[in-house]
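Following: one structure in C-alpha cells, then a few remarks.
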There are 2 protein chains.
Amino acid sequence: MAQEKQDAETKIKEAARRVFLAQGYEGAKMRQIAEEADVNLAMINYYFRSKEQLFNSIYAETFGQFIGQVMQLINEPTPLEVKIWKIVDRYTDFLIDNPLVPSFILSKQRVNGGEFLKDMDVRGQIEKSVFKKQLVEEAEKGNIRLTDPLQVITAILGCLVFPIMAQQVVSYVGGLDEAGFREFMESRKQFVPEMIMAYLKSG
Amino acid sequence: MAQEKQDAETKIKEAARRVFLAQGYEGAKMRQIAEEADVNLAMINYYFRSKEQLFNSIYAETFGQFIGQVMQLINEPTPLEVKIWKIVDRYTDFLIDNPLVPSFILSKQRVNGGEFLKDMDVRGQIEKSVFKKQLVEEAEKGNIRLTDPLQVITAILGCLVFPIMAQQVVSYVGGLDEAGFREFMESRKQFVPEMIMAYLKSG
DNA sequence: GTCTATATCGTGATAGAC
DNA sequence: GTCTATCACGATATAGAC
C-alpha cells in the first residue's frame, strides 16, 4: 500500500529495469517498456531522451547497487572467518533474489563498464578494504597462507555467480526443480566458505 | 595455406560465429555477417533459411564443442588429484582462447538451452562419469571427504568461467593490462586445484 | 505532462534476372 | 549459385494538439 499512484518517471524506470534485465539492451523494446509501465510510448522519450539514456540510467543504478553490496560486505569489521561466512550468506541471498543482475551487468561490461568502475573508484575501495588488510595480517600472523586477495574474491564471486547464471544447466544436470535449485544454493552457503577456509588454512 | 578459397557456406558460418559471439542474437545483424563473410546478403538466406536457423546452427555447434570438451576432461582415466589439475589447466587454456563462448552459451540458455542438454544426454554422461565415480570411491576409502560432485564441478567451472566473463572488472580492480590478466589466469591454474584439493582433504 | 499521428530509418526476408 | 532491387515490417524518435 506504499504508493498506489506512482509518478510516470518511476513507473517507467521500474518497467525498464524489468525489461532490460530480462531481454538485454538490444532485445528490449521501447514499446514493451511503455506497455509494462502503463504509459504512452512518447512519455518515455519525454522523461529520458533516448533508449540509450534510459538504459544508462538503469545500468548505473543497478551496477551501483551491486558494487555497493559487495563493498559493504567486504568492509564489515568482523573477524576474517566470520566475515567470509557472512559474505557468502548475504551475497547468495542477494543473487537468489536478483538472478538476472550478473548477466545484465556483464552484458554491457565490454562496452562501457570501465567508466562506471572508475567513477566509483572501485579499485581504491578494494585496495584499502578491511578484507584485504585482514588477509595480509592473518597471513603475517601465520594463521593462514599468504594469497592474492583478488584470487580469493574472484573465487567467492565465481562460485556463487556462475551457478546463478547457469541455473538451467545446473538444474538440468542435477535433476533439480526450482525448489531443488534453491536447496543447492543454500547448501552452497556452507560449501563455499568451507572450501575457502580449507584453502587458506592449508599449505 | 589450408583453403584459400572456401565455399560460401563455410565462410558464412565462420563469420556468423564471430558476429553472434561478439554481439549476441539480437545485436548481430545479417548485413554485418554478410559483409564479414564477403558474401551477398541473399546468400545467407539461400543456405540458411533464416537468422534463427543460422543462429541455431552456430549455437548447437559451439555448445557441442564446449560440452564435449568438459566431458572428455571429466572422463579421462587418470587419478583424481592429477585429473583435477589437468581439468583446470586444459579448461583455462580453452577459455583464454575462447573468452566469448561462456556468455554466448549462457545468453540463449534460458530460451532453449534445455533442449540441447537433453539431446546430448549431458545428465547421463555426468551421472556415469569417471570423475563422479572417483569422488565417491575416494571418499569411501577415506582419502577425501564425501561431497556432492555437482558442488565440486560448479566450483571449478565458476572459478574459471567467471573471471573470463568479468575480465574487464577483474583487470580494472587488479590494475592489470592484457598480459597481466593472462598471468592472473595462469596463476589460477595453481590456485583453483589447490583450493579444491584443500577442501576435499579437509573436514 | 500527456496524448495521437507520423516521420524516418534499419531490419530480415524474398523476387526474379542472370 | 550468385547477384540487384525491393518489399514489409517494426523500431526509435518526434511533431504538434490538448
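Every chain is numbered from 1 and lettered A, B, ... according to where its sequence line falls, protein lines coming before strand lines.
With ring centers used as reference points, Y172(B) lies 6.0 Å or more from F181(B). Between F104(B) and Y59(B), a ring centre-to-centre spacing shorter than 6.0 Å is recorded. Taking the ring centroids of F55(B) and Y25(B), they lie under the 6.0 Å cut-off.
Counting only heavy atoms from C-beta on, Y46(A) has its side chain closest to dT2(C) among dT4(C), dC3(D), dT2(C). If you check dT14(C), dA11(D), dT11(C) against the side chain of K29(A), the one that comes closest is dA11(D). Of the candidates dT14(D), dG1(C), dG12(C), dG12(C) carries the atom nearest the K51(B) side chain, counting heavy atoms from C-beta on. Side-chain proximity of S50(B) to the nucleotides dT4(C), dA13(D), dA13(C) is greatest for dA13(C). Of the listed nucleotides (dT4(D), dT2(C), dG12(C)), dG12(C) has the atom at the smallest distance from the side chain of M30(B). For L41(A), the side-chain atoms get nearest to dT12(D) when compared with the rest of dC3(C), dG1(D), dT12(D).
For dG12(C), its base sits under 3.5 Å from the side chain of R31(B) at one donor and acceptor pair at least.
Contact between the side-chain N/O atoms of N45(B) and the OP1/OP2 oxygens of dA13(C) is found at a separation under 4.0 Å.
Using a 4.0 Å heavy-atom criterion, one finds that Y47(B) contacts the sugar-phosphate atoms exclusively. Heavy atoms of A28(A) sit under 4.0 angstrom from primed sugar atoms or phosphate atoms, though from no base atom.
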